[in-house]
Amino acid sequence: MKLSSSAAGLTAAVLLAPLTGAPGMPVAHAETLPALNMEATVKAAQIDPRRPDNTLTPGAKAGVLLVEQALRDRSLLDTKWVDGYFGTTTVTAYANFQKSLGLSGLAANGLPGKTSLTKLGAGRFQVTDIVEPGPRVSTGGFVVNTRTRNMLAEAKRLLGRDLKLDQGSYNPGGDPTSAGTHDGGGVVDISVEGMNSATRTAVVRGLRLVGFAAWVRNPQQDDWPWHIHAVAISDTDLARQAQHQVGDYYLGLNGLAGRGPDDGPKVTIRTWEEYQRR
């Protein structure tokens with residue numbers, strides 16, 4: 001039977017409606033990839049390896065599982081470790097994946113960076129809530145990345161004072177007492193010259209508020225002068241030692257080798273991205 005032109009047009013419209021959707025509505029897709037929250041996943045990759053147990057990082061399980069399943073399917077992670085816990089085994093597996101992409105150095109530090117995470121998720125998941133350190137820049141005569149520079153600028157604004165750096169980031173071998181924490185991005189030492197005890201504590205508090213794991217360091221702790229050590233939480237360029245300091249900070253520790261209790265001011269722990277959304 002031959003349809004009239006009007007009937008044929010109506011039939012075509014009905015057939016196309018499920019594909020195109022109503023005016024102003026997005027086109028429907030046969031399959032929508034699950035979202036992986038990068039912020040939560042990177043946070044877990046810093047905290048979980050430092051935990052004394054298998055407690056999962058809140059809000060991170062779904063994303064970590066997506067990462068672990070993808071690593072398993074690439075024969076980089078045994079099935080028994082696909083558990084939503086981004087422990088040392090998963091960190092090592094992720095670093096091996098980064099190396100398989102031809103990445104090296106800080107780009108293969110075991111923390112999920114935007115480039116490697118996007119490649120791992122191709123056809124499997126879409127990456128949301130992206131964290132990026134940004135290009136390297138100079139501030140106060142020292143090299144840091146853009147994210148760290150912005151965090152320092154906001155801390156200065158909150159405190160109403162300048163912060164003089166004693167050491168910047170990307171400084172491998174620069175100070176042996178730093179134990180490699182400054183080898184990557186996101187880490188600075190701040191001079192406390194002219195500060196009394198109350199001021200030092202206030203500066204640490206300001207740094208913590210904007211997303212640093214920060215502590216006052218004194219000569220009784222090691223062979224170093226008084227200074228403030230600050231690590232930008234979730235900076236994906238962090239050296240492994242600095243990653244450990246962030247994890248310890250979340251667990252209420254002081255970031256030193258002895259893993260003593262945190263001796264700094266108590267604040268709600270936030271990343272830079274969380275601070276900006278507060």
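All values derive from a computational prediction rather than experimental measurement.
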Q.
Tell me which pairs pass ring pair (Phe, Tyr, Trp, His ring centres under 6.0 Å) where either residue lies in residues 255-278, with sequence neighbours left out.
A. W272-Y275
Q) Just checking, any donor-acceptor pair under 3.5 angstrom between side chains of N37 and D129? A) yes
Q. Going by distance alone, is a donor N or O of one side chain under 3.5 Å from an acceptor N or O of the other, for Y94 and S116?
A. yes
Q.
Testing the 3.5 Å rule here: is there a donor-acceptor pair between the side chains of Q69 and D73?
A. no
Q.
Given 3.5 Å as the limit, does a donor-acceptor pair link the side chain of Q98 with the main chain of L103, or not?
A. no
Q: Go through the structure and list residues passing salt bridge (Lys or Arg N to Asp or Glu O under 4.0 Å) with R217, not counting sequence neighbours.
A: none
Q: Tell me yes or no: between the side chains of R136 and T146, is some donor less than 3.5 Å from an acceptor?
A: no
Q: With sequence neighbours left out, write down each residue that passes ring pair (Phe, Tyr, Trp, His ring centres under 6.0 Å) with H227, or none if nothing qualifies.
A: W224
Q.
Under 3.5 Å, is there a donor on one side chain and an acceptor on the other for Q46 and S234?
A. yes
Q) Taking NZ, NE, NH1 and NH2 as the nitrogens, is one of them in K156 or D162 under 4.0 Å from a carboxylate oxygen of the other? A) yes
Q) When you check the side-chain N and O atoms of N254 and Y249, is any donor under 3.5 Å from an acceptor? A) no
Q: Answer yes if the side chains of Y170 and D183 hold a donor-acceptor pair under 3.5 Å, and no otherwise.
A: no
